[in-house]
Amino acid sequence: MLSDLTIRVLAQPFFAGLTIGLVRELCECATAETFPAGATIFAEGGPADAFWLLEHGKVALGLHVPGRGDQVIETIGPGTVLGWSWLHPPYRWHFGANAIEPVTAVRFDAAAVRLRCETDPEFGYAMLSRLTPIITERLQATRLRLLDLWGRP
Amino acid sequence: MPEESVLLDVEALPRLVGELRERGYTVIGPTVRDGAIMLAELESAADLPYGWGVETEAGRYRLRRRADNAAFAHSAGPQSVKDILHPPRARLWSADRATGSVTAGPDEPPRYAILGARPCDLAALGVLDRVFTGGAHTEPIYTARRDGAFIVAVECTEPGATCFCTSMGGGPDARDGYDLAMTELAGEHDDRFLIRAGSPAGAEVLAALPTRPAGTEVIGEARAAVARAAGAMTRSMPDEPLPDLLAAARESPHWTDVAARCLTCGNCTMVCPTCFCTTTEDVTDLTGEHAERWRRWDSCFDLDFSYLHGGSVRTSGESRYRQWISHKLGTWHDQFGSSGCVGCGRCIAWCPAGIDITAEAAALSAWRASEEEPC
Amino acid sequence: MTAPVPYRVVDRRVETADTVTLELVGEDGPAFAPGQFAMLTAYGIGEVPISLSGGGRGGRLIHTLRNVGAVTAALHGAAPGQMIGVRGPFGTTWDVDAARGHDVVIVAGGIGLAPLRPVVEAVLARRDEFGRVSVLVGARTPGDLLYPADLRRWRQRADVRTIVDRPADGWTGEVGLVTTLIPRAEADPDNTVAYLCGPEVMMRFVAEALIRRGLAGHDIHVSLERDMRCGAGWCGHCQLGPLLLCRDGPVFRYDRVEPLLRVREL
């Protein structure tokens, strides 16, 4: 029998390719979570003790700039993962995350997932193989935005 | 309509010029000017470059005196028929604010007779025909001049050192695209032309000239002279499909080598008988009441040629030389169904750095062969 | 075809800080199809290629253009009543019929929405002939988003998403690159036709993101730009390798141009 949470995670393309066994293991570290619009999911500088698989809603990643207020850097939507500062020390959020629409998500406990990664290299490699494409895609998108291509129509 | 060849004495050349002028043609032909054989309006056949030949090499063009008095024993000069039919500057239209009227083009197109077009010029006209009249839109300026033109071709009996027309599928013999074709037989004492008509208009002019029958011996002599010219050409293109070679060579390191020599001056594009690229300039009078658009030749070597709101696509010399030679020998086939090169050798002679299109193609071919060698 | 035909500016709408939409009317003007472009002349100043953004029949043309140079500055400032020279139509058209019976993904960056607007309108006009329809629009700032009224109208019959690089105060929409919307577009990768227009680099990344989702290169239609001068293949300026964009394009299937777009300074 698969837990409800495991079924929800399997429905998301993000972890497609993971064996059901690995997803089940992963979901042992998971809980369901919702945020109303406007809620702070995590604050910049706070402890990075979790990550979320977004199912519904939209999250703004941002930074508070003195004199300019909260600056949104990027919005993140359903089907992807929020948060990767938990992967490496110092396990602190570099940016803050706020729900700009009601958010439904699966929360994974970072310490538990890290422990599993360290003790089970197969699980660890599978996790990183899912997470690194997200990181590279966001890095590439950011690089393109730095180019400010709009100067040319 | 290959007609029988007949003989025309050199003394009758003024008659030929006269007959053409009488028919309303502005007669354009070779003449000596500024140390080169140039194309200019001929008042009479006396303006032809009798007794002048040329020496060409990569980056070199010199007039030389000949032992005989031949009028057409010079290879391609810095100009070509392109200069006449696709003029360096042309007005596309003019508009008046007061009347709101827009007038297309120049007035009545001139009617040119071109005396002394070389077979490579005929091939180049075939290429330009495909560019300007072969697509969905017919370019009006060239087409009007082309339709009204009368072409007197003169076959080559003495190719220049930079010539390689045979390797581009042409030859020193005139095959088609002429109204009259002549082969000059210059002797020490006499100068004669074997002449034939290639069109009804040509036959009509020929009938008005004082010709006499040519014996088989003379016809054989003329054929042999043209055949000797074909055999005398020393330059050639690599014997392989050039479009494939150029497409395969887009990322070749050889472009850096060419760019180290190329000045991106655009001389090759100006002298090329098929380089057709143009740009436009809009002008107004001081009151702003009268506006005109002028078209002038442009060159893919010009930095602005590939300008795209904010910058140019091809900024490096490498990319601009690659564009030129790849278009000429390769992508021209995709765009217009033939090569853009006719093997006239002008770009070789008039390159100030002596860059030789046949040598560059050979270098690319050698590079490609080395790339494909199994390790 | 070399002399422009005078068209009268009958309407001028300011779209953004540097962009306007002009409506032109010319007597007995030829029909223009979506994807095609006109050469617009500011008399005495010059001529630029501008894609069709609407109209196209009965001598009525709608062009959205950005003030980026001398000619576009003059056209940008054209007031109703003024005459503008028009040549065209030139180039290939968006093949909207290729998407019949399929899901449709339309991705625009910046002023790239202008040439795609007639595609969206054509698809929505025959809405039931298509599957799911997504319109993804990226812009630098919220103020640079074209056609806000159209976007609102399209939302009723298509999944319309907008995203900006730099949010302004009050912007509650998406922030990021338009490529990040691709995985979220509701479309069956095996049964989707995409239409892209925007900065060339953006189109490459969008096309690659679509291909990662499983679309085939030939099902992705892109509109390319080079320096079109004559529109008829006579001036040589708009070459991209074997292609004359004014004649063979501007609209191509991505698999045909992808190898060419990869070559530097081609």
Side-chain angles (χ1 to χ4, degrees), chain A residues 12-17 36-39 53-65 67-82 95-103 130 133-153, chain C residues 16 18-19 48-51 64-69 72 108-115 138-141 144 146 161-169 171-186 189 197-206 208-209 212-214 225:
Chain A
Q12 293 294 328
F14 184 78
F15 286 115
L53 178 61
L54 301 181
E55 294 172 302
H56 300 287
K58 204 159 60 185
V59 175
L61 277 182
L63 206 61
H64 185 81
V65 181
R68 283 170 61 189
D70 289 322
Q71 299 290 304
V72 176
I73 285 148
E74 190 174 16
T75 49
I76 293 175
T80 188
V81 153
L82 169 68
F95 296 92
N98 288 287
I100 45 179
E101 285 171 4
V103 168
R130 295 302 172 284
I134 289 285
I135 298 174
T136 42
E137 269 173 39
R138 286 197 204 146
L139 174 62
Q140 282 163 1
T142 307
R143 286 173 174 170
L144 279 179
R145 287 169 65 194
L146 278 176
L147 282 177
D148 196 28
L149 296 165
W150 310 115
R152 294 178 170 202
Chain C
T16 72
D18 58 5
T19 305
V48 286
I50 305 286
S51 283
T64 297
L65 56 94
R66 235 180 102 188
N67 178 354
V68 288
T72 47
I111 199 163
L113 184 57
R140 177 190 274 145
T141 70
D144 291 313
L146 295 178
R161 294 161 189 260
T162 53
I163 190 164
V164 299
D165 265 12
R166 300 179 196 170
D169 284 345
W171 173 257
T172 57
E174 308 266 2
V175 179
L177 195 71
V178 72
T179 48
T180 58
L181 301 178
I182 302 288
R184 283 186 260 159
E186 285 178 15
C197 190
E200 188 170 305
V201 172
M202 183 219 91
M203 284 194 287
R204 260 167 51 203
F205 277 80
V206 169
E208 294 308 322
R212 268 203 305 280
R213 264 199 73 172
E225 189 177 16

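By convention in this document, chain letters (A, B, ...) are assigned in the order of the sequence lines, proteins followed by strands, and residues within each chain are numbered from 1. Just so it is clear, the values below take in all heavy atoms, side chains as well, and ignore hydrogens, waters and symmetry mates.
- The most heavy-atom pairs under 4.5 Å with chain C, out of A:Pro13, A:Ala60, A:Gly69, A:Ala141, come from A:Ala141.
- Electrostatic pairing of C:Arg66 and C:Asp144 does not count as a salt bridge here, judged by no charged N lying under 4.0 Å from a carboxylate O.
- Considering only residues two or more places apart in sequence or on other chains, A:Arg130 meets the salt bridge (Lys or Arg N to Asp or Glu O under 4.0 Å) condition with none of them.
- Ranked by non-hydrogen atom pairs under 4.5 Å with chain A, the options C:Ala114, C:Gly138, C:Ala209 are led by C:Gly138.
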Show me, pair by pair, the donor-acceptor contacts under 3.5 angstrom made by side chains of residues 177-184 of chain C, not counting sequence neighbours?
residue  : atom : partner  : partner atom : Å
C:Thr180 : OG1  : C:Leu177 : O            : 2.6
C:Arg184 : NH1  : C:Glu174 : OE2          : 2.9

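- More than 12 non-hydrogen atoms from other residues, nucleotides or ligands lie less than 6.0 angstrom from CZ of C:Arg204.
- Side chains of A:Arg68 and A:Gln71: a donor on one and an acceptor on the other come within 3.5 Å.
- If you measure heavy-atom distances from C:Arg212 to chain A, the contacts under 4.5 Å come from the side chain alone.
- Heavy atoms closer than 4.5 Å to chain A are found in the backbone of C:Ala139, but not in its side chain.
- Counting heavy-atom pairs closer than 4.5 Å to chain C, the top-ranked of the candidates A:Ile100, A:Ile76, A:Ile73 is A:Ile73.
- For A:Glu137, the part lying near chain C is the side chain, with the backbone staying farther off; criterion is any non-hydrogen pair under 4.5 Å.
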